[in-house]
A.B. asks: 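First, the structure itself, so that you have it in front of you.
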Amino acid sequence: MNAPVHTRCSIVPPYLLSRLAGLEDPRHHNAAAAARRALVQLDPIHSARATAPRDPSRGAGTAVVLALRRTISDAYGTETLPGEAVRREGDPPVGDVAVDEAYDGLGATYGLFQEVYGRSSIDDAGLPLDATVHYGQRYDNAFWDGFRMVFGDGDGEIFGRFTASLTVIGHELAHGFTQYTSNLRYQGQSGALNESVSDVFGVLVEQRVRGESADTAGWLVGEGIFTDQVQGRALRSLKAPGTAHDDDVLGKDPQPATMADYVETTSDNGGVHINSGIPNHAFYIAATRLGGYAWERAGQIWYDAATGGNVPEDCTFSRFADVTVDAAKARFGEGSPEVEAVGYAWREVDVL
Amino acid sequence: MTRIEVSRSGGFAGLSRTWSVEVSPAEAEERWLPLLEQAEAENAETLQRDRFIYHIVVVGYRDATVPESAVQGPWKELLERARNAPPEEPAEELPDEPAEEPGGHT
Ligand SMILES: [Zn+2]
């Protein structure tokens, strides 16, 4: 009767609903998870490409696999989700900057996964992409709720709107990607890896749109979401974790770059937004050691690792490092520069 | 008076903030301690990512961790009060208005 705290456990993940409708019963969780791993072990690139129509606009009815279907909704300053749908796939810009940034950002993120890695939406089954903007009053956050991305407008003093950085949009959508693949547990090291995967693909979305190579990119997450009253360029830096901001109110960027500075804490689910600096920096080192466009080789290796079925939900940094090295070997061969770069990167951050 | 501290962690930014509010011992005992006792049973794993996490301490009594998605009703009231409470130990000679910057006026 008097229960203000809502229990949100036992939400059935949508991939189970969509793919394994016969196994909703929680007692079948293990069987469903095994089936999911089996599904992702099918080579997603070749299977998606083999079934993809050359031109998705042709052959209505067969284009489902590759269809990009975005819906942007407006919460009008409330905390009610999803809000009112204000821009659907194919609609022209509506003139509300947050709505249009979200629409374009979802398209850019979808484009990275589909055009580079051959993945059809975040679930590799054409999941429609939904976002809500103008959530809450002076709301200083963006989040993934398991089904959609949600963006606040910021308080106007420290944070502006969260759609202003493409890396934030890519980051949130990548949480959906992780939910449908490794499903890294959001606590401690596995939680920091969950965060890092989102930061990595978030920056790759932006680098690809800007045409930046690894050595010219800024490697910042959340550049442009602070107001100009804040001393800082961004929230996080993959290039130099711990240096993205240093402000009287916000404090200094708390991210470590190596295991020597790993932060043990009970807050933030065990510092998932802090210790992500370590795997983030490993990705940066691997990508810059290889050079060129980071999404092509380093990004492919991280993508292969995340989708290959070898990342357990409670993955540690060192296990994840091993999986990326194995993924590099599988795709580029033993003794390849890619394998060397990835191993070097994890050693530089003291994980291997 | 009884002090209630609210620490917010997590969120996309992962930046921690802390607020606090003073309440009467009677209010703490009647309203807030029972609320924190309820929260201790909650341990929900969710699909939500980048949401805030609130750690609430009734100083000298007990603490509780509450995910943002559960912040409704009396929790919301408590958090709003803490956020809006004036700092009880203001730094000495805190200026009422921001200092003018040299050359700031045209
Ligand atoms: Zn995140």
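Values reported hereafter were calculated over all heavy atoms of this structure, with side chains retained and with hydrogens, waters and symmetry mates removed. Labels below follow one simple rule: chain letters A, B, ... track the order of the sequence lines, proteins then strands, and each chain is numbered from 1.
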A.B. asks: Kindly determine whether B:Arg8 and B:Glu68 satisfy salt bridge (Lys or Arg N to Asp or Glu O under 4.0 Å), including the steps that lead there.
C.D. replies: CA-CA 9 Å; B:Arg8 189 186 77 185; B:Glu68 181 190 358; over 6 Å; no
A.B. asks: Might you point out which heavy atoms bring A:Leu184 and A:Ser190 nearest each other, and give the distance in Å?
C.D. replies: CB-O, 3.6 Å
A.B. asks: Within the structure provided, determine whether A:Val311 and A:Phe320 are in side-chain contact (heavy-atom separation under 4.5 Å).
C.D. replies: yes
A.B. asks: Could you tell me the separation between the CG atom of A:Asn280 and the CG atom of A:Leu193, rounded to the nearest 0.5 Å?
C.D. replies: 9.5 Å
A.B. asks: Identify which part of A:Leu235 has an atom lying under 4.5 Å from any heavy atom of chain B, answering side chain, backbone, both or neither.
C.D. replies: side chain
A.B. asks: Let's test your reading of the structure: which of B:Pro34, B:Gly14, B:Ser9 forms the most heavy-atom pairs below 4.5 Å with chain A?
C.D. replies: B:Ser9
A.B. asks: A:Asp253 versus chain B, heavy atoms under 4.5 Å apart: side chain, backbone, both or neither?
C.D. replies: neither
A.B. asks: How would you list, by chain and number, every residue that makes a side-chain contact (heavy atoms from CB on, under 4.5 Å) with A:Thr227, sequence neighbours excluded?
C.D. replies: A:Gln229, A:Val230
A.B. asks: Sort A:Glu195 into side chain, backbone, both or neither according to what part of it lies under 4.5 angstrom from a heavy atom of chain B.
C.D. replies: side chain
A.B. asks: Are more than 12 heavy atoms from other residues, nucleotides or ligands located less than 6.0 Å from atom CG of A:Asp248?
C.D. replies: no
A.B. asks: Does the side chain of A:His175 come within less than 4.5 Å of A:Tyr186's, by heavy atoms?
C.D. replies: yes
A.B. asks: For chain B, which residues from residues 264-274 of chain A have at least one heavy atom closer than 4.5 Å to it?
C.D. replies: A:Ser267, A:Asp268, A:Asn269, A:His273
A.B. asks: Side chain, backbone, both or neither: which part of A:Phe151 has a heavy atom under 4.5 Å from chain B?
C.D. replies: neither
A.B. asks: Under 4.5 Å from any heavy atom of chain B, what part of A:Gln187 do you find: side chain, backbone, both or neither?
C.D. replies: neither
A.B. asks: Would you say CZ of A:Arg233 has more than 12 non-hydrogen atoms from neighbouring residues, nucleotides or ligands within 6.0 angstrom?
C.D. replies: no
A.B. asks: Can you confirm if the aromatic rings of A:Phe201 and A:Phe113 lie within a centre distance of less than 6.0 Å?
C.D. replies: yes
A.B. asks: Counting a contact as any heavy-atom pair under 4.5 Å apart, which residues of residues 52-61 of chain B contact chain A?
C.D. replies: B:Phe52, B:Ile53
A.B. asks: For B:Glu27, does the CD atom have more than 12 heavy-atom neighbours from other residues, nucleotides or ligands under 6.0 Å away?
C.D. replies: yes
A.B. asks: Please work out which of the three classes, parallel, tilted or perpendicular, describes the rings of A:Phe226 and A:Phe159, given edges at 30° and 60°.
C.D. replies: tilted
A.B. asks: Name all residues meeting the side-chain hydrogen bond (donor to acceptor under 3.5 Å, both in side chains) criterion together with B:Glu30; count only those two or more places apart in sequence or in a different chain, and write none if there are none.
C.D. replies: none
